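Here is the structure we will look at, set down as structure tokens.
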Amino acid sequence: MTATPSRVLVLNSGSSSLKYQLLDMESGARLAVGLVERIGEETSRLKHTPLTAGGGEAREVNGPIADHDAALKAVAGELARDGMGPDSPELAAIGHRVVHGGMFFTEPTVVDDAVLAEIERLIPVAPLHNPANLTGIRTAMALRPDLPQVAVFDTAFHTTMPESAARYAIDVKTADEHRIRRYGFHGTSHAYVSRKAAELLGKAPEEVNLIVLHLGNGASASAVRGGRCVDTSMGLTPLEGLVMGTRSGDVDPAVIFHLMRVGNMSADEIDVLLNQKSGLVGLCGDNDMREIRRRIDEGDEEARLAFDIYIHRLKKYIGAYYAVLGRVDAVVFTAGVGENAAPVREAAVAGLEELGLAVDGELNSVRSDEPRLISPEYARVAVAVVPTDEELEIARQTYALVHDSASRND
Ligand SMILES: Nc1ncnc2c1ncn2[C@@H]1O[C@H](COP(=O)(O)OP(=O)(O)O)[C@@H](O)[C@H]1O
Ligand SMILES: CC(=O)OP(=O)(O)O
Ligand SMILES: [Mg+2]
């Protein structure tokens, strides 16, 4: 008799990357993790790490990987080399991060034709993400047509926002006709990190008010009251809000008409400008915070100004969400920049002592994969670093969905 399949493969397809993990949900073991970077370029790189007993040696494959379909097939090949390929009978489901779920998807959802069509319809409001998510799902379906493919939406956590935060102050009829409202993104991360932060504070999620700062290549802030999102910085699309690696975040909307009328740019050109050629890369030519800090240390003024603009925006959102929440228990940093860039954390909180916020230099400089406090004991509001794990959260939600429905049918 074969055991009930208990493994979940999670795919997190970004605009030019594919992150993945294979987990066993009964034992809790992480069996493999990996990343394909720079998809579509000549210098693509697949880094695969098997974590089964005796494994653990990372393997790298360098060379062009044209698209997400090719990336996933390469990943399937690496998993198969370790005897954990997608054809494995132990696999219970494949979980997919889907960035835009629009108005309808508030829960993890088993993908069928109607779900695929809705994700496709939402491409104009997540042009960097939904196409990659769709390709990932379609390729995974072709590899394992018999398995449930589960979509876990970035937007789901934000559906609790009150109308006063979710609506833009534009003509209601036009907004309703085009479903224009604030959807918010990175929700799986904001939800996971909020729960972990409450745990770190020794409280139940319902008891704490948090400002969560997810600072990766894309970046967003959330105000979370008692475990529920009450405001977030990304909007109709993942372009609004904080300064990001390649995205501008907030601009006066009139910048767009001005560029159309006076700069003779098309809507598509402006889309590319604001989504791909702005943010840190537009300001100083680099979108990696490590490189920006290195340049600042060498006295580079352009990198310094880019950093200052990034921090200024971040600080404005901390202030805004402090006011939205009224009382804050912790400001929580997460994702690539938030977890690793001590200077960003220090600068974002600098000067906010009157709000009860401070960072302890020594605690802030500790490098660790564990959730940790970086505020001094006297501070009224905690400042924390909580590593995110979108893949684990997606795996849990995926397994809960397929497992619960399987037990109902037993
Ligand atoms: N050691 C580090 N110091 C500063 N920044 C870092 C470090 N490691 C990673 N980063 C930043 O994290 C970013 C990637 O974050 P991540 O959350 O993985 O983003 P995404 O999921 O959007 O690809 C990099 O672009 C880089 O700016
Ligand atoms: C929604 C979003 O911006 O995602 P990422 O940070 O992965 O680009
Ligand atoms: Mg990310």
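Counting starts at 1 for both ligands and their atoms, in listed order. What you see is a predicted model; the values in this text were computed from it and never measured. FYI, side chains are in, hydrogens and waters are out, and symmetry mates aren't considered; it's all heavy atoms of this structure.
Heavy atoms of M234 come nearer than 4.0 angstrom to ligand 2 in at least one pair.
The closest protein non-hydrogen atom to atom 15 (O) of ligand 1 is G336 CA, 3.3 Å. Protein heavy atom closest to atom 27 (O) of ligand 1, with residue, atom name and distance, is M289 N, 2.9 Å. Distance from atom 25 (O) of ligand 1 to its nearest protein heavy atom, with residue and atom name: N287 O, 4.0 Å. Of the protein's non-hydrogen atoms, the one nearest atom 19 (O) of ligand 1 is N217 N, 3.1 Å. From the protein, the heavy atom lying nearest to atom 26 (C) of ligand 1 is D288 OD1, 3.4 Å.
Among the atoms of K19, some N or O lies under 3.5 angstrom from an N or O of ligand 1.
For ligand 1, the atoms closer than 4.0 angstrom to any heavy atom of A341 are 4 (C). Counting atoms of ligand 1 from 1 in the listed order, those under 4.0 Å from a heavy atom of V337 are 11 (C), 12 (O), 27 (O). Against a heavy-atom cut-off of under 4.0 Å, G216 is close to the following atoms of ligand 1: 15 (O), 16 (P), 17 (O), 19 (O). In summary, the atoms of ligand 1 found under 4.0 Å from a heavy atom of R367, numbered by their order in the structure, are 1 (N). In the vicinity of G218, heavy-atom distances shorter than 4.0 Å reach the ligand 1 atoms 22 (O).
In the model, E90 has no side-chain atom that pairs as donor or acceptor with a side-chain atom of S6 under 3.5 Å.
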Open item on the list: For S222 and H190: C-alpha separation, side-chain torsions, deciding distance, then whether side chain to side chain donor-acceptor pair (under 3.5 Å) applies.
Closed with: CA-CA 7 Å; S222 279; H190 286 286; 3.3 Å; yes
